[in-house]
Structure formats: structure tokens, C-alpha cells
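Below is one structure, written out as C-alpha cells; comments come after it.
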Amino acid sequence: MTAEDSASHHNAIPEGVAGAPNEAALMALMEQSGYGMVQENGQRKYGPPPGWQGPSPPRGCEIFVGKIPRDVYEDELVPVFETVGRIYEMRLMMDFDGKNRGYAFVMFTQKHEAKRAVRELNNFEIRPGRLLGVCSSVDNCRLFIGGIPKTKKREEILEEVSKVTEGVLDVIVYASAADKMKNRGFAFVEYESHRAAAMARRKLMPGRIQLWGHQIAVDWAEPEIDVDEDVMETVKILYVRNLMIETSEDILRQTFGQFNPGCVERVKKIRDYAFVHFASREDAVVAMDNLNGTEIEGSRIEVTLAKPVDKEQYTRYQKASKGTAAPTTTDNTQQSYVYQCDPYTLTYYGYPYNTLIGPNREYFIKGCLPLNFKKHLET
């Protein structure tokens with residue numbers, strides 16, 4: 001082979017593959033599958049499938065793969081994940097030294113393939129004694145912003161955040177438990193895309209921008225774990241938010257049981273929210289449809305079906321992401337599920353239904369709040 005031929009051959013090898021310790025294996029994989037491969041911004045992308053037309057697969061098709069040995073690459077990973085479905089794209093996070101960073105994202109062409117991957121490939125032994133951690137991936141588009149003046153209304157927060165960041169879709173604000181005319185000092189901002197949210201997070205990092213002259217705290221909002229549609233169809237517990245602190249469980253039992261006497265099995269109220277347990281799914285849906293957005297003792301309430309998270313799925317999520325969770329306890333009558341609602345509210349008040357594992361947790365656990373946040377939340 002001449003020097004010219006050698007240079008031409010090298011140019012045909014994609015960046016990130018050329019010079020890789022397993023270059024030959026990666027080239028063989030691409031030749032066999034017809035997929036392309038390119039490295040950019042610290043990640044090596046494999047895919048999409050040859051001849052793919054139309055948009056990328058919808059949300060819910062991607063999984064997170066953690067605990068990957070640093071010398072394992074696509075030539076070993078792709079055959080494993082192809083056993084459960086057709087791969088649209090694999091993104092392996094790479095270090096400057098050519099080794100992987102221990103995790104990857106795999107997007108399948110169908111949602112059911114992603115679910116199968118989580119079910120069948122979590123704890124897959126990729127090397128002797130080395131188990132992969134696999135869980136659903138969430139394309140997070142929501143930021144948490146703390147340190148917001150409690151007198152600000154949703155519209156004011158939306159206007160102010162839209163002035164300094166782009167792509168804002170919505171702002172979610174929770175009323176104070178003690179005074180419904182005030183917010184709780186934090187809000188969640190929904191952006192049009194993960195990229196827009198990431199750009200906003202970078203721009204709003206502490207010290208760069210103040211809102212209304214206040215120092216703010218910014219981080220990713222804790223994403224909700226997806227709940228299987230079949231499971232949601234069985235839920236007969238309602239989550240009720242924005243109640244008056246003084247509203248009693250008896251009042252809630254009467255209000256939610258008015259459509260079918262005796263249908264409410266029990267009520268558990270914590271501060272300004274509650275769980276209402278029904279004898280049947282039908283009774284729960286009727287009550288939700290009739291009472292969501294209505295007022296109880298002067299406060300406009302929000303009523304939704306409580307979102308259960310399978311404990312095994314939740315444990316997989318923790319282990320795969322190497323996160324640590326606050327302790328959870330379950331309802332004696334619901335042995336297999338931990339119920340989600342507003343985890344930030346629950347964590348703030350220390351209620352054991354807490355499922356918050358993300359970076360925002362420190363702002364809400366009593367005794368662990370930064371001093372300036374403690375003062376802010378107590379006022």
C-alpha cells in the first residue's frame with residue numbers, strides 16, 4: 001500500500017474511530033450493519049439505521065446504560081442490545097484518553113423495545129462479574145429554580161424567566177401551604193427541548209444572573225419515572241394538591257364521597273395535600289373529573305390520579321444511575337408500589353412517600369438546607 005493509499009484509507013475512517021484501540025472491530029461492525037459512526041462533543045454516535053426516513057423515534061424509546069467497563073465499546077454493546085429490538089442510535093460517552101466514561105444511551109425504534117431492554121438486560125453480565133445497569137432515560141426539559149421571592153405570581157415568573165432565557169414553554173408554581181397568596185420560593189420551568197433547558201441552566205447558574213435582584217439556585221428538575229399505561233389503568237387513589245392546611249380529612253371524605261356514598265375507603269392528608277383511596281377505579285375517576293379545579297374551603301384544588309412507581313423499577317433506576325435515594329416507605333395496602341405525587345413538596349415536609357433522588361433534594365430536607373435558603377423558606 002502506497003503512502004497515498006494509506007492516507008486515503010485513514011480519511012475513510014470516521015473521527016473517533018480512527019486510532020481507537022478497537023478500530024478494526026468498530027469498522028467491521030459498521031460494515032456489517034450499514035450504520036455510521038461519528039464522535040462529537042464527547043460522545044460517539046452509532047446510527048441511525050441505513051435508509052432511515054422521517055423523524056427520530058418518540059419520547060420513551062431511549063434507555064440509560066450505566067456501569068459499563070471502560071474498555072467495552074460498541075462492538076460488544078451493540079450485539080447485546082440488538083437482541084431486544086432495532087437500535088436507532090447508541091451514544092457512548094467518551095473520555096479524552098479513548099476509553100468510555102462508563103455510560104451510554106441507546107434509542108430503539110419502538111417504545112416496547114426500550115421497555116424490553118430494561119426488563120431483560122438490567123444486570124446483564126457484559127464481562128465476568130461486571131453487570132450493566134439499565135433503566136429508562138428521560139429527555140429532561142424542566143429546570144428547578146429556587147430563591148424566587150414568595151410574592152411573585154406565576155405570570156410574573158414566566159415573564160422574568162422568558163426575558164433571560166429562550167424556549168420557555170411553561171412555569172409551574174406551587175402555592176405556600178400557609179398562605180395561598182404566596183408561592184413556596186421555587187418554581188419549575190419547562191422548555192421546548194432538552195437543549196434549550198441545558199442552555200438556560202448554563203446561563204442561570206449562580207453568580208451569573210439575578211432575578212428581581214435575588215440570588216437564585218438552578219438545577220435540573222428531578223424527572224418523573226414513566227409509569228406503564230397498563231398500571232395507570234388500575235390506579236384508584238387520587239392525589240389532591242393545594243388544600244387549606246385547616247381542611248380536615250372528614251371534609252375531604254365527604255367531598256370526594258358525595259358521588260357514591262361509601263366509595264371512599266380512607267383519606268391521608270399531609271399539610272396542604274392528600275391521598276384519597278377509593279373502593280373502585282370508576283369512583284376515583286368520577287370524583288377527579290367533577291372536583292379538579294373546584295374550590296374546597298376557599299382554595300382551588302388540583303386532583304390527579306396518584307402515579308405509582310414499581311419498587312423494582314425504581315431500584316433499577318437508582319442503581320443504574322448510581323444515585324442515592326431518601327428512604328421510602330409504602331402503604332400497607334399497596335405492597336408493590338411507591339406512590340409519586342409532588343416529590344419536592346413531600347421531601348420538604350419529610351413525608352415518607354418521598355421518591356426524590358435528584359440534585360434538588362438538598363433544598364428541601366429540613367436540617368440540610370443552605371443557610372440562606374432556610375431563612376428564605378421560613379419567611
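Atoms considered below: every heavy atom in the structure, side chains included; atoms not considered: hydrogens, waters and symmetry mates.
Of the inter-residue distances, the one linking Asp71 atom CG with Asn22 atom CG reads 9.5 Å to the nearest 0.5 angstrom. Going from atom CD1 of Ile157 over to atom OG of Ser162 covers 11.5 Å, rounded to the nearest 0.5 Å. The distance from the CG atom of Asp75 to the CG atom of Leu26 is 5.5 Å, given to the nearest 0.5 Å. Rounded to the nearest 0.5 Å, atoms CZ (Arg44) and OH (Tyr73) are 7.0 Å apart. Once rounded to the nearest 0.5 Å, the distance linking CG of Leu158 with CD1 of Ile172 reads 11.5 Å. Atom CD of Glu246 is separated from atom CG of Asp272 by 10.5 Å, given to the nearest 0.5 angstrom.
Remark: side-chain polar atoms of Glu120 are not paired, donor with acceptor, to backbone N or O of Arg116 under 3.5 angstrom. Of the possible polar contacts, none joining the Asn292 side chain to the Met288 backbone as a donor-acceptor pair under 3.5 Å is found. No donor-acceptor pair under 3.5 Å is formed between the side chain of Lys269 and the backbone N or O of Leu243. Of the possible donor and acceptor atoms, none in the side chain of Ser299 sits under 3.5 Å from a partner among the backbone N and O of Ile296.
Residues in residues 24-39 take part in these side-chain hydrogen bond (donor to acceptor under 3.5 Å, both in side chains) pairs, two or more places apart or across chains: Ser33-Tyr46. Evaluation of the side-chain hydrogen bond (donor to acceptor under 3.5 Å, both in side chains) test over residues 250-264, restricted to residues two or more places apart or in two chains, returns Asn260-Asp283. Sorted by first and then second residue, the pairs that involve residues 289-305 and meet salt bridge (Lys or Arg N to Asp or Glu O under 4.0 Å), not counting sequence neighbours, are Arg241-Glu302. A salt bridge (Lys or Arg N to Asp or Glu O under 4.0 Å) check over residues 96-114, counting only residues at least two apart or in different chains, returns the pairs Arg70-Asp97.
Clustering of Ile, Leu, Val, Met, Phe, Trp and Tyr side chains at separations under 4.5 Å leaves Phe96 isolated, with no partner residue.
Using a cut-off of 4.0 Å between Lys/Arg side-chain N and Asp/Glu carboxylate O, Arg184 and Asp179 are scored as not salt-bridged. Asp170 has a carboxylate O that lies under 4.0 Å from a charged side-chain N of Arg154, or vice versa, which qualifies the two as a salt bridge.
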Pair Phe186-Phe188, ring-ring contact (aromatic ring centres under 6.0 Å, His included): steps then yes or no:
CA-CA 7 Å; Phe186 63 89; Phe188 299 100; 5.8 Å; yes

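At most 12 non-hydrogen atoms from other residues, nucleotides or ligands lie less than 6.0 angstrom from CE of Met199. Within a 6.0 Å radius of CD in Glu249, more than 12 heavy atoms belonging to other residues, nucleotides or ligands are found.
Remark: Ala279 pairs with Glu265 by the side chain to side chain contact (heavy atoms under 4.5 Å, CB included) rule, at least two apart or across chains. Residues satisfying the salt bridge (charged side-chain N to carboxylate O under 4.0 Å, His left out) criterion with Glu159, sequence neighbours excluded, are absent altogether. Applying the side-chain hydrogen bond (donor to acceptor under 3.5 Å, both in side chains) rule to Glu40 yields the partners Lys45; only residues at least two apart in sequence or on another chain are considered. Annotation: ring pair (Phe, Tyr, Trp, His ring centres under 6.0 Å) contacts of Trp52 (sequence neighbours excluded): Tyr88. Listed by chain and number, the residues in a side-chain hydrogen bond (donor to acceptor under 3.5 Å, both in side chains) with Tyr191 are Thr165 (sequence neighbours excluded). In this structure, the side-chain hydrogen bond (donor to acceptor under 3.5 Å, both in side chains) partners of Gln43, at least two apart in sequence or on a different chain, are Arg91. Every residue two or more places apart in sequence or in another chain that forms a salt bridge (charged side-chain N to carboxylate O under 4.0 Å, His left out) with Glu76 is listed here: Arg127.
Between the side chains of Asn242 and Lys180, at least one donor N or O sits under 3.5 Å from an acceptor N or O.
By the criterion of side-chain heavy atoms lying less than 4.5 angstrom apart, applied directly or through intervening Ile, Leu, Val, Met, Phe, Trp or Tyr residues, Phe259 is grouped together with Phe278 in one hydrophobic cluster. Residues Met205 and Ile145 fall into different hydrophobic clusters, defined by Ile, Leu, Val, Met, Phe, Trp and Tyr side chains chained together at heavy-atom separations under 4.5 Å. Under the 4.5 Å side-chain contact rule for hydrophobic residues, Met94 and Met107 do not share a cluster. Taken together through direct or relayed side-chain contacts under 4.5 Å among Ile, Leu, Val, Met, Phe, Trp and Tyr, Leu305 and Phe256 form part of one hydrophobic cluster.
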